[in-house]
Amino acid sequence: MSESQRWDDVDDYFTTHLARNDEALEAALRDSEAAGLPPVNVTAPQGKFLQLLAEIQGARTILEIGTLGGYSTIWLARALPADGRLISLEYSPRHAEIATRNIARAGLDKLVEVRVGAALDSLPQLADENPAPFDLVFIDADKSNNPHYVEWALRLTSAGSLIVVDNVVRDGRVADAHSTAPDVQGTRTAIELIGKHPRLSGTAIQTVGGKGYDGFALARVLA
């Protein structure tokens with residue numbers, strides 16, 4: 001058995017017993033695949049992890065940067081109370097269209113708003129609305145802009161909020177200080193920003209599974 005097959009088998013086992021997809025989640029995956037969206041959504045155990053983080057936070061407001069087909073959005077929104085709010089920013093109108101349908105089918109459209117456009121355009125517009133600080137921010141968009149997303153997340157949160165940055169290991173390439181790849185450079189800058197910022201306390205975790213070798217960073221906003 002190959003190493004990657006072992007990772008897949010373990011992910012399948014965890015999914016079966018701890019993070020089983022229901023019909024709404026399965027339909028979101030099917031429709032995303034049928035529409036040709038890239039298969040880069042979080043896995044079911046990762047989605048459940050995000051939901052648990054939001055529940056542990058007692059999150060009432062969530063900001064997601066990068067919607068794709070809305071799979072992670074559904075997991076996150078399920079942690080919200082009935083009067084909660086999740087804003088998800090998506091660059092592609094086509095992805096946003098698929099995500100909006102998937103979210104509505106899951107019965108979460110009253111909690112979730114998908115905004116279309118480049119996140120670095122949408123974030124200043126969101127800040128101009130002077131929203132209540134977000135309790136959790138999930139960053140899963142173009143990796144070259146990760147440091148900008150972390151900076152905006154910090155502006156839109158307050159003490160005690162949690163920032164999650166996905167896909168930070170880049171199949172191990174994040175350790176290559178000489179890489180000129182934009183995704184690696186952006187991720188390294190974001191990690192180093194978290195490490196040195198006086199208002200953030202963070203760490204990063206390596207993962208293996210159905211999406212290969214990767215990981216995520218967690219940062220808690222300090223007073």
Side-chain angles (χ1 to χ4, degrees), residues 1-56 64-79 88 90 92 94-95 98-99 101-103 105-106 136 138-144 146 162-188 190-191 202-219:
M1 179 186 297
S2 68
E3 191 172 60
S4 61
Q5 182 60 56
R6 185 178 294 110
W7 297 345
D8 289 346
D9 290 347
V10 172
D11 241 9
D12 289 344
Y13 172 74
F14 287 157
T15 298
T16 298
H17 294 282
L18 299 173
R20 185 183 296 275
N21 282 322
D22 57 23
E23 176 53 33
L25 289 164
E26 288 288 356
L29 293 175
R30 285 198 306 269
D31 283 9
S32 296
E33 181 180 10
L37 272 61
V40 294
N41 52 273
V42 301
T43 64
Q46 291 167 346
K48 183 65 176 291
F49 175 73
L50 291 172
Q51 180 181 330
L52 288 172
L53 283 179
E55 290 171 348
I56 292 167
E64 179 181 49
I65 302 175
T67 317
L68 194 61
Y71 183 75
S72 58
T73 319
I74 293 170
W75 280 108
L76 284 165
R78 286 178 170 177
S88 189
E90 173 54 45
S92 165
R94 176 61 171 157
H95 294 181
I98 300 299
R101 290 205 301 263
N102 288 335
I103 292 162
R105 181 171 47 216
L136 187 149
F138 178 49
I139 299 171
D140 190 13
D142 55 310
K143 311 309 174 187
S144 61
N146 272 342
L162 184 66
I163 301 170
V164 184
V165 186
D166 202 11
N167 306 127
V168 299
V169 172
R170 317 305 300 155
D171 200 29
R173 292 182 297 125
V174 73
D176 182 2
H178 302 292
S179 174
T180 59
D183 63 323
V184 174
Q185 289 184 331
T187 300
R188 285 177 61 89
I191 292 292
T203 190
I205 302 294
Q206 300 180 74
T207 62
V208 296
K211 299 298 180 181
Y213 174 39
D214 212 327
F216 57 90
L218 290 171

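The basis for the numbers below is simple: all heavy atoms, side chains too, and nothing from hydrogens, waters or symmetry mates. Numbers here simply count residues along the sequence, with the first being 1.
Proximity of L53 to W75: side-chain heavy atoms (C-beta onward) are nowhere separated by under 4.5 Å.
Here the straight-line distance linking atom CD1 of I98 with atom OG of S92 works out to 9.0 Å at 0.5 Å rounding. Taken from CG in L218 to OG1 in T203, the straight-line distance is 7.5 Å, to the nearest 0.5 Å. A distance of 9.5 Å separates CG of D142 from CD1 of I65, quoted to the nearest 0.5 Å. In this structure, CD in Q46 is found 7.0 Å from CG in D11, a value given to the nearest 0.5 Å. Atom-to-atom distance recorded for R173:CZ and D183:CG is 4.0 Å, nearest 0.5 angstrom. Atoms OG and CG, on S72 and D166 in that order, are 8.5 Å from each other to the nearest 0.5 Å.
Heavy atoms only, all atoms of each residue included: F14 and P45 are closest at CB-CG, 4.2 Å. Nearest heavy atom pair, residue E64 against residue T73, reads OE1-OG1, 2.6 Å.
Checking side-chain atoms of D214 against main-chain N and O of V169 turns up a donor-acceptor pair under 3.5 Å. With hydrogens and angles disregarded, no donor-acceptor distance shorter than 3.5 Å links the side chain of Q206 to the backbone of G215. Remark: the backbone N or O of G69 is paired with a side-chain donor or acceptor of N102 at under 3.5 angstrom. Although no hydrogens or angles enter the test, the distance criterion places a donor-acceptor pair under 3.5 Å between the side chain of D22 and the main chain of L25. N146 places no side-chain N or O within donor-acceptor distance of the main-chain N or O of A190, the cut-off being under 3.5 Å.
Scanning for ring pair (Phe, Tyr, Trp, His ring centres under 6.0 Å) contacts around F216 gives F49, with sequence neighbours left out. Qualifying ring pair (Phe, Tyr, Trp, His ring centres under 6.0 Å) partners for Y13, counting only residues two or more places apart in sequence or in other chains: H17.
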Going through the checks in order, is the side-chain contact (heavy atoms from CB on, under 4.5 Å) test met by L136 and L76? CA-CA 10 Å; L136 187 149; L76 284 165; 4.2 Å; yes
Name every donor-acceptor pair, under 3.5 Å, that has one atom in a side chain of residues 31-42 and the other anywhere in the protein, sequence neighbours excluded.
residue: D31; atom: OD2; partner: R105; partner atom: NH1; Å: 3.0
residue: D31; atom: OD2; partner: R105; partner atom: NH2; Å: 3.1
residue: S32; atom: OG; partner: A28; partner atom: O; Å: 2.7

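Under the 4.0 Å criterion applied to side-chain N and carboxylate O atoms, E55 and K48 are not assigned as salt-bridge partners.
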